[in-house]
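Just below is one structure, and these are the notes that go with it.
In listed order, ligands and their atoms are each counted from 1.
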Amino acid sequence: MAYVVKENCLKCKYTDCVAVCPVDCFHEGEDFLVIDPEICIDCGVCVDECPAKAIEPESEENVDWLEINAKYSKIWPVITQKQPHRADAHLFDGMPNKLKKFGIQ
Ligand code: SF4
Ligand code: F3S
């Protein structure tokens, strides 16, 4: 089991989540973060930190997102500190079909 970053992180990328993770398992892309499912210890503390409500426990409903998290955590660098988010992040919070519109970067 692991926790999974889902679509609503795309282009919001608030990074509050990384500040609380005890095992530094977040990895950073240009517009999105992922959790390395092999490192995540299922503590759940990142869930309430995310202003975009983009983090969930792994389940049958988010297998596609688990695969995306697993794939990009092998490619992207680790991020351990909160960073300033883009000024227009709030405009992307709740926007439908972000994966289709922007892809994973
Ligand atoms: Fe890190 Fe815990 Fe969130 Fe997993 S559930 S990503 S270990 S803070
Ligand atoms: Fe993304 Fe939420 Fe973290 S928007 S970067 S999962 S705080």
Got the closest protein heavy atom to atom 1 (Fe) of ligand 1, with its distance?
Cys21 SG, 2.4 Å
At a non-hydrogen distance cut-off of under 4.0 Å, which region of Ile55 contacts ligand 2 (side chain, backbone, both, or neither)?
side chain
Atoms of ligand 2 close to Cys50 [distance to a heavy atom under 4.0 angstrom, numbered from 1]:
2 (Fe), 4 (S), 6 (S), 7 (S)
Considering non-hydrogen atoms of the protein only, which is the closest contact for atom 2 (Fe) of ligand 1, and what is the distance?
Cys43 SG, 2.2 Å
Does Cys46 bring an N, O or S atom to within less than 2.8 Å of atom 3 (Fe) of ligand 1?
yes
Can you tell me if, anywhere in Cys25, an N/O/S atom lies at a distance from atom 2 (Fe) of ligand 1 that is smaller than 2.8 Å?
no
Report the part of Ile41 (side chain from C-beta onward, or backbone N, CA, C, O) that has a heavy atom under 4.0 Å from ligand 1; answer both or neither where that applies.
both
Taking the side chain as every heavy atom from C-beta outward, state whether Pro51 and Asp16 have any atom pair closer than 4.5 Å.
yes
Provide, to 0.1 Å, the distance between atom 4 (Fe) of ligand 1 and the closest protein heavy atom, together with that atom's residue and name.
Cys40 SG, 2.4 Å
Over 12 foreign heavy atoms within 6.0 Å of NZ, Lys74
yes
Tell me, which protein residue and heavy-atom name are nearest atom 5 (S) of ligand 1, and how many Å apart are they?
Gly44 N, 3.1 Å
Can the ring centroids of Phe92 and Phe102 be said to lie less than 6.0 angstrom from one another?
yes
At what distance is the nearest protein heavy atom to atom 3 (Fe) of ligand 2, and which residue and atom is it?
Cys17 SG, 2.3 Å
Please report which non-hydrogen protein atom sits nearest to atom 1 (Fe) of ligand 2, along with the residue it belongs to and the distance in Å to one decimal place.
Cys9 SG, 2.4 Å
Among all protein heavy atoms, pick the one closest to atom 5 (S) of ligand 2 and tell me residue, atom and distance.
Thr15 N, 3.2 Å
Taking the side chain as every heavy atom from C-beta outward, state whether Phe26 and Val34 have any atom pair closer than 4.5 Å.
no
